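Have a look at the structure below, then the notes.
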Amino acid sequence: MKIIVTPMFATLLSLSLAACSVADRNADAPLTIETPPAGGPTAVDAAIDPALSTAEAPTIAEPQAEGRFLGFSVTSLSDASVPGVWLETPLVNAPTTGSVVAENGRQIAVELRPTGGARGSGSRLSLAGFTALGLPLTALTTLTVIGDA
């Protein structure tokens, strides 16, 4: 008997397995926030472009201790060619600074940029932000968005 795996079957199998990993997450576990080291290039920078010198490498800033909750936003990867750590979101009306917290508990400081879209229309996170948060680049993830106080 010959088994033929079609692209549609492979896609459905992948989605099914991905759903299992989400279901295994312990919702009652306490939230821990890991912050990257302050100042200087990070391992994230080398992962993005190993050719960057330390002078050119973007830095991942430590988030502020306090802030104002702006909302939750489903987020996708933005244009990977645009450097920096930023989030384009409809939750702000003007460029500002803030931080985001991923579902895995990691938090980073970001530049918040307005999209002009309707609230709830989703956000786009930079490649450096996705990598710093440890998120798969193809994920649609919900981020908690916090504006600096």
Side-chain angles (χ1 to χ4, degrees), residues 10-149:
T11 303
L12 290 174
L13 180 61
S14 299
L15 292 174
S16 298
L17 293 175
C20 291
S21 66
V22 172
D24 292 340
R25 195 178 81 188
N26 185 356
D28 296 330
L31 176 67
T32 38
I33 298 174
E34 299 174 23
T35 58
T42 66
V44 171
D45 305 324
I48 294 168
D49 185 358
L52 285 177
S53 70
T54 55
E56 298 170 336
T59 58
I60 308 292
E62 190 168 327
Q64 297 292 323
E66 297 180 14
R68 184 173 53 94
F69 173 78
L70 299 176
F72 299 104
S73 187
V74 175
T75 305
S76 63
L77 180 64
S78 189
D79 182 354
S81 68
V82 180
V85 184
W86 45 266
L87 177 73
E88 293 176 327
T89 180
L91 300 175
V92 297
N93 295 323
T96 186
T97 57
S99 60
V100 293
V101 183
E103 294 171 322
N104 63 11
R106 291 187 181 173
Q107 179 178 8
I108 59 169
V110 295
E111 176 187 350
L112 298 172
R113 300 176 179 176
T115 61
R119 193 171 179 87
S121 62
S123 298
R124 293 176 301 277
L125 183 63
S126 67
L127 175 61
F130 253 82
T131 308
L133 290 171
L135 301 171
L137 300 180
T138 57
L140 288 176
T141 187
T142 301
L143 297 178
T144 302
V145 182
I146 302 166
D148 287 347

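In this text, all values refer to a predicted model and were calculated from it rather than measured experimentally. We number each residue from 1, following the sequence as shown.
Rounded to the nearest 0.5 Å, atoms CZ (Phe69) and CD1 (Ile146) are 8.0 Å apart. The OG atom of Ser76 lies 11.5 Å from the CG atom of Leu135; values are rounded to the nearest 0.5 Å.
Between Pro90 and Gly122, the shortest heavy-atom contact is CD-O, 3.2 Å. The two residues Arg106 and Gly134 have their closest heavy-atom pair at NH1-CA, 3.4 Å. Scanning all heavy atoms of the two residues, the minimum distance from Arg113 to Val92 falls at C-CG2, 3.8 Å. In terms of heavy-atom proximity, Ala102 sits nearest to Leu143 at CA-CD2, 3.7 Å.
Pro95 has its side chain within reach of Pro114: a pair of non-hydrogen atoms, C-beta onward, lies under 4.5 Å apart. Between Ser73 and Leu91 there is a side-chain heavy-atom pair separated by less than 4.5 Å. Using a 4.5 Å cut-off on side-chain heavy atoms (C-beta onward), Arg124 and Thr115 make contact.
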Side-chain atoms of residues 79-86: list all donor-acceptor pairs with protein atoms under 3.5 Å, sequence neighbours left out, distances to 0.1 Å.
from: Asp79; atom 1: OD1; to: Ser81; atom 2: N; distance (Å): 3.0
from: Asp79; atom 1: OD1; to: Ser81; atom 2: OG; distance (Å): 2.7
from: Asp79; atom 1: OD2; to: Ser81; atom 2: OG; distance (Å): 3.3
from: Trp86; atom 1: NE1; to: Pro83; atom 2: O; distance (Å): 3.1

Practice prompt. In sequence, state the C-alpha distance, the side-chain angles, and the governing distance for Leu112 and Leu70, and then conclude on side-chain contact (heavy atoms from CB on, under 4.5 Å).
Written response: CA-CA 11 Å; Leu112 298 172; Leu70 299 176; 3.8 Å; yes

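Partners of Leu77 by side chain to side chain contact (heavy atoms under 4.5 Å, CB included), not counting sequence neighbours, listed by chain and number: Leu127, Phe130, Leu137. Remark: Thr75 pairs with no residue by the side chain to side chain donor-acceptor pair (under 3.5 Å) rule, at least two apart or across chains.
Checking side-chain atoms of Asn104 against main-chain N and O of Leu133 turns up a donor-acceptor pair under 3.5 Å.
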